[in-house]
Asker: 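Dumping the structure here so I can ask a few things about it.
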Amino acid sequence: MNKVVKNAQEAIEGIETGMTLMLGGFGLCGIPENSIEALVESGITDLTCISNNAGVDDFGIGLLLQGKQVKKMISSYVGENDEFERQLLSGELEVELLPQGTLAERCRAAGAGIPAFFTPAGYGTEVAEGKEVREFAGKKYIIENAFEPDFAIVKAWKGDTDGNLIFKATARNFNPMMAMAGKITIAEVEELVEPGQLDPNFIHTPSIFVNRIFQGTDYEKRIEQRTTR
Amino acid sequence: MLIKQQIARRIAKELKDGYYVNLGIGIPTLVANYVPVGMDVTLQSENGLLGMGPFPTEEEIDADLINAGKQTVTTLPGSVFFDSATSFAMIRSGRVDLTVLGAMEVNDKGDIANWKIPGKMVKGMGGAMDLVASAQNIIVAMQHTNRAGQSKLLRELSLPVTGLGCVKKVVTNLCVMDITERGFELKELAPGVTIEDVQAATEGKLVVQGEIPEIRL
């Protein structure tokens, strides 16, 4: 079984108008830059994107928003993107905002064979509207369903040609859960190696979850808040 | 009146040795600058870092190493990285000893609003809803009034709620208040601030009992 694809263009083959995608990353940290670029070039529209944030105006998922390729965003925080806010307030873009831990757990559940779970986050708020409430040991919880993405696209630091992945520092964030959740999971990595070159003790995502892998190029790794002491 | 740094310094007095602490964006972030010397406090950043260090030097900057405010940070000996599901497992299961958050509004029942202004601003709740739903110990750092001089400490929230009955203590530019079943209980006053000032700036139910000492930093 050969999981290695040549580049991002080849990796995103099969992604079609109207599909639901998961995109890893927190802010601009750990986002699949190459695949996002390929999606922008593809011109595919009406996408539902599940990602913690929506990028910034001219980078990350912000590029997909500029091209009006996104029908709906499912995120926890979108504060860094003026175009996003404009499209949202004008009604061009649908958005579902979720507590960050709920977003993470809905990804994890999708990859773990768990259709739904109860969480206290969002009880008594707008997030709970239309959701079943249940009480456990005197505390109220709301039901949340696992996501059902068509594709999950993640970015790892190192990967082997079998699809094993290692993430770096806080660029890990949502990537491991999303890698587990895709019907088809695409991984782009900074360094692609042969099986056996990654220490099995230190692999974060086991190969079984990954369907396509490629070595990315020209990572910009833009920093949103460059702070020094 | 307290300036932001002084609000952060007052909150830092609530830290205890061995605490795991999550600091929100804004004034809460400043609390890290006032951890008492010799005290062992571990900062949790919900994007996947336990044991957050100071901002990096120019040479140390790593785009893959940021905090939940997307600022570049560093690690410390004993630091650990993890994914977002693990991060919120720590939060929901009550392992974080103290959470410090900013707020747009708090009411006298301890409800908090800090994620949305309908029709105007939609930033999202980030990790705030998970934190307020599970943390046992939440302190809010905020200005007592908005720019128009209206109270942000209310009887009823006017903005969409983030969490119910979760805020235990509020530190503002004017005072320190505990939230109990009786309402906002005034505990300490900022230098130069009177009970009448606090009363005038507090729309919610204010309880004043006994002598109110001045805030000591």
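Chain identifiers are assigned alphabetically (A, B, ...) following the order of the sequence lines, protein sequences preceding nucleic acid strands; residue numbering begins at 1 within each chain. Quick note: numbers below take in every heavy atom, side chains included, and nothing from hydrogens, waters or symmetry partners. Predicted, not measured: the structure shown is a model, and the values here were computed from it.
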Asker: Check whether A:Glu220 gets within reach of chain B through its side chain, its backbone, both or neither, counting any heavy atom under 4.5 Å.
Answerer: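 Neither the backbone nor the side chain of A:Glu220 comes within 4.5 Å of chain B.
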
Asker: At a heavy-atom separation under 4.5 Å, does A:Val127 approach chain B through its side chain, its backbone, both, or neither?
Answerer: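 Just its side chain gets close to chain B.
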
Asker: Measure the spacing between CD1 of B:Ile66 and CD of A:Glu224 and express it to the nearest 0.5 Å.
Answerer: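 Between atom CD1 of B:Ile66 and atom CD of A:Glu224 there are 7.0 Å.
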
Asker: Please state whether the side chain, the backbone, both or neither of A:Leu103 comes within less than 4.5 Å of a heavy atom of chain B.
Answerer: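 Neither part, no heavy atoms under 4.5 Å.
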
Asker: Would you give the length of the straight line joining atom CD of B:Glu46 to atom CZ of A:Phe26, rounded to the nearest 0.5 angstrom?
Answerer: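 Spacing of CD (B:Glu46) from CZ (A:Phe26) equals 6.0 Å.
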
Asker: Atom NZ of B:Lys70 and atom CD1 of A:Ile223: how far apart are they, to the nearest 0.5 Å?
Answerer: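 B:Lys70 atom NZ to A:Ile223 atom CD1 measures 14.5 Å (nearest 0.5 Å).
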
Asker: Hey, could you give me the CD/NZ distance between A:Glu85 and B:Lys123, rounded to the nearest 0.5 Å?
Answerer: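 The NZ atom of B:Lys123 is 5.0 Å from CD of A:Glu85, to the nearest 0.5 Å.
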
Asker: Between chain A and each of B:Leu131, B:Ile91, B:Asp62, B:Asp111, count heavy-atom pairs under 4.5 Å; write down the option with the most.
Answerer: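 The residue among B:Leu131, B:Ile91, B:Asp62, B:Asp111 with the greatest pair count is B:Asp62.
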
Asker: Working to the nearest 0.5 Å, report the span between OG of B:Ser84 and CE of A:Met177.
Answerer: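 Rounded to the nearest 0.5 Å, the OG-CE separation comes to 4.5 Å.
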
Asker: Shorter than 4.5 Å, heavy atoms on both sides: which option in B:Val132, B:Thr86, B:Leu49, B:Val122 has the most such pairs with chain A?
Answerer: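 So the answer, after comparing B:Val132, B:Thr86, B:Leu49, B:Val122, is B:Val122.
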
Asker: Heavy-atom pairs under 4.5 Å with chain A: which of B:Gly126, B:Ala133, B:Gly124 has the most?
Answerer: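 It is B:Gly126.
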
Asker: Just verifying a value: how many Å separate B:Asn67 CG and A:Thr227 OG1, rounded to the nearest 0.5 Å?
Answerer: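 Rounded to the nearest 0.5 Å, the CG-OG1 separation comes out at 6.5 Å.
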
Asker: Please rank A:Lys139, A:Arg222, A:Lys168 by heavy-atom pairs under 4.5 Å with chain B and give me the top one.
Answerer: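 Going by pairs under 4.5 Å, I would pick A:Lys168.
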
Asker: Check the pair A:Arg108 / B:Asp83 against salt bridge (Lys or Arg N to Asp or Glu O under 4.0 Å), numbers first and verdict last.
Answerer: CA-CA 10 Å; A:Arg108 201 193 75 83; B:Asp83 64 56; over 6 Å; no

Asker: Specify the closest pair of heavy atoms between B:Trp115 and A:Glu126, including all atoms of both residues, with the distance to one decimal.
Answerer: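 Looks like CH2-OE1, 3.5 Å.
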
Asker: Check B:Thr162 against A:Thr125 and note the closest heavy-atom contact, atom names and distance.
Answerer: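 Here B:Thr162 and A:Thr125 meet closest at O-CG2, 3.4 Å.
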
Asker: Which heavy atom of A:Thr102 sits nearest to which heavy atom of B:Asp130, and what is that distance?
Answerer: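 Looking at all heavy atoms of both residues, the shortest contact is N-OD1, 3.3 Å.
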
Asker: If you look at every heavy atom in B:Val161 and A:Gly124, which pair is closest and at what distance?
Answerer: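 The pair with the smallest heavy-atom distance is CG1-O, 3.2 Å.
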
Asker: Is A:Ser75 close to chain B through its backbone or its side chain, or both, or neither, when contacts mean heavy atoms under 4.5 Å?
Answerer: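 For A:Ser75, no heavy atom lies under 4.5 Å from chain B.
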
Asker: Heavy-atom pairs under 4.5 Å with chain A - which of B:Ser45, B:Gly127, B:Gly48, B:Ser79 has more of them than the others?
Answerer: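 Of the candidates given, the most pairs with chain A belong to B:Gly127.
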
Asker: Please state whether the side chain, the backbone, both or neither of A:Asn175 comes within less than 4.5 Å of a heavy atom of chain B.
Answerer: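 For A:Asn175, no heavy atom lies under 4.5 Å from chain B.
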
